[in-house]
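Here is the naming used below: chain letters follow the sequence lines, and residue numbers restart at 1 for every chain.
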Amino acid sequence: MNVDGVKNGIVLDHIKAGESMNIYQLLQLDKLDCCVAIIQNVKSEKYGKKDIIKIDTELEVDLDALGYIDNHITVNVVENGELARKLHLELPETLTSVIQCKNPRCITSVEQEIVHKFKLVNKEKKTYRCVYCDAEYK
Amino acid sequence: MENVRNLINITDLTLDEIDHLIEVADDIVANPTDYQDICRHKKLATLFFEPSTRTRLSFEAAMLELGGSVLGFSEAKSSSAAKGESVSDTVRTVGCYADIIAMRHPKEGAPIVAAQKTVVPIINGGDGGHFHPTQTLTDLLTIKRRKGRLNNLVVGLCGDLQFGRTVHSLIEAMLRYENVEFVLISPNELRVPEYIKEKMNEVGVKWTETTSLEEALPKLDILYMTRVQRERFFNQEDYIRLKDSYILDLAKLKLAKEDLSIMHPLPRVNEISVEVDDDPRADYFFQALCGKHVRMALILFLLGIK
């Protein structure tokens, strides 16, 4: 199957197989006015199977959000048809406006304008706690 | 706003700062006239979106004894919160009228939001089941005055340890002192939240959980009783089932050390029998007095006075 290469844009590689649609929605790629290709179940030496997303425009990707979802994803920045930069993701120390606190006792549950913010408290377990109420995000 | 100090969680204060507050609190008792006009022309706003007797009145008494003035409200329905005003807007407005704000709110994290919206110091007077740092300062001062130390203690915490914000703050504070052991006495449904256990494990402090007050009593230096709080339950049936889990009376106290200190953040319902009040180990009303002294010291500290 052939999918055109990206001229100036971003290729998200090593996405866990089956996760590409979630990332598509999280990054709101449906709102872009450019070609976006989602390629699923690509053979991968590292993971067996993987997904890839190609975005044919220069775009500021929320690396924190992406790192939270899957820090194995590689972000390839393409300029003039050439690979300009390869970014490896890490679990972000803080997450802003990515996930929502579900604690009904949290101030964010009643005041809509407050930005939901979480801090990483355990890297191995990937545990995040709300900065307002300390509730763990599950 | 960077230079403004707030007190949201007890860990906002260093151990040296807590020592300083304890020293000032003792100096206030020793030299009251030195402090009686020290906050003249300063105003404390008490914003209590949730009812309270002790915390609000002790803040107000503290500011009045320092020669300052107080303004504020004692329940959400007597403020614009009843009209749907946000915490942010309320605090931003009150910050124009007062030099320092003490607030209580039923929602956890409300004082953090408040502190982001004003340039006057915010004191957390309790946010839901989360933190209650000025109660913790009160507790630390009480323990220091009664035991002469804040280390080498076995501290029993009994009752509602899940929603009991005073318990969470006290554990966080005492984790920083050497050789403090915690005995957590509660029904299985009201155990200490996981994040508090994680913190205890991180520090490597010794802690045990039990459902039996009688079993725990003989080894304790401090017994910190708490009320099962009706307002923290969404389900009233659970509240009724758990509310009488632990009642301390003179018969149970026979199992305790002679120099045990019995503490309670108050108000109590029936978890400490009235007959215990005259026992020399009952320190909960003394604790209320300590609360005023330490809040006086805190107001001075946050206002940068002396």
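Contacts between A:Asn122 and chain B at a heavy-atom distance below 4.5 Å are absent for every atom of the residue. When heavy atoms are compared at a cutoff of 4.5 Å, A:Glu113 approaches chain B solely by way of its side chain, counted from C-beta outward.
A donor-acceptor pair shorter than 3.5 Å can be found between the side chains of B:Thr134 and B:Arg295. Defined by atom type and a distance below 3.5 Å, a donor-acceptor pair is present between the side-chain atoms of B:Glu60 and B:Thr46. Side-chain contact check for B:Asn201 and B:Glu198: no donor-acceptor pair (N or O, by modelled atom type) lies under 3.5 Å. For the residue pair A:Asp30 / A:Gln25, no side-chain donor-acceptor distance below 3.5 Å is found, with atom types taken as modelled.
What you find for B:Ile122 and B:Asn6 is that their closest heavy atoms are N-OD1, 2.8 Å.
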Could you go through residues 63-78 of chain A and list every donor-acceptor pair under 3.5 Å that involves a side-chain atom there, pairing it with any protein atom two or more places apart or in another chain?
unit_1	atom_1	unit_2	atom_2	d
A:Asp70	OD1	A:His72	N	2.9
A:Asp70	OD1	A:His72	ND1	3.2
A:Asp70	OD2	A:Lys16	N	3.4
A:Thr74	OG1	A:His14	ND1	2.8

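No donor-acceptor distance shorter than 3.5 angstrom exists from the side chain of A:Asp56 to the backbone of A:Cys34, with no hydrogens or angles considered.
Applying the salt bridge (charged side-chain N to carboxylate O under 4.0 Å, His left out) rule to B:Glu17 yields the partners B:Arg5; only residues at least two apart in sequence or on another chain are considered.
Residues of residues 83-99 of chain A lying under 4.5 angstrom from chain B, judged on non-hydrogen atoms, do not exist. For a heavy-atom cut-off of 4.5 Å, chain B lies close to A:Arg129, A:Val131, A:Tyr132 in residues 125-132 of chain A.
Shown are B:Arg104, B:Arg165, B:His168; of these, the side-chain hydrogen bond (donor to acceptor under 3.5 Å, both in side chains) with B:His132 is made only by B:Arg104.
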**Report entry** Pair B:Phe49-B:Thr90, side-chain contact (heavy atoms from CB on, under 4.5 Å): steps then yes or no
**Finding:** CA-CA 11 Å; B:Phe49 299 82; B:Thr90 304; 4.1 Å; yes
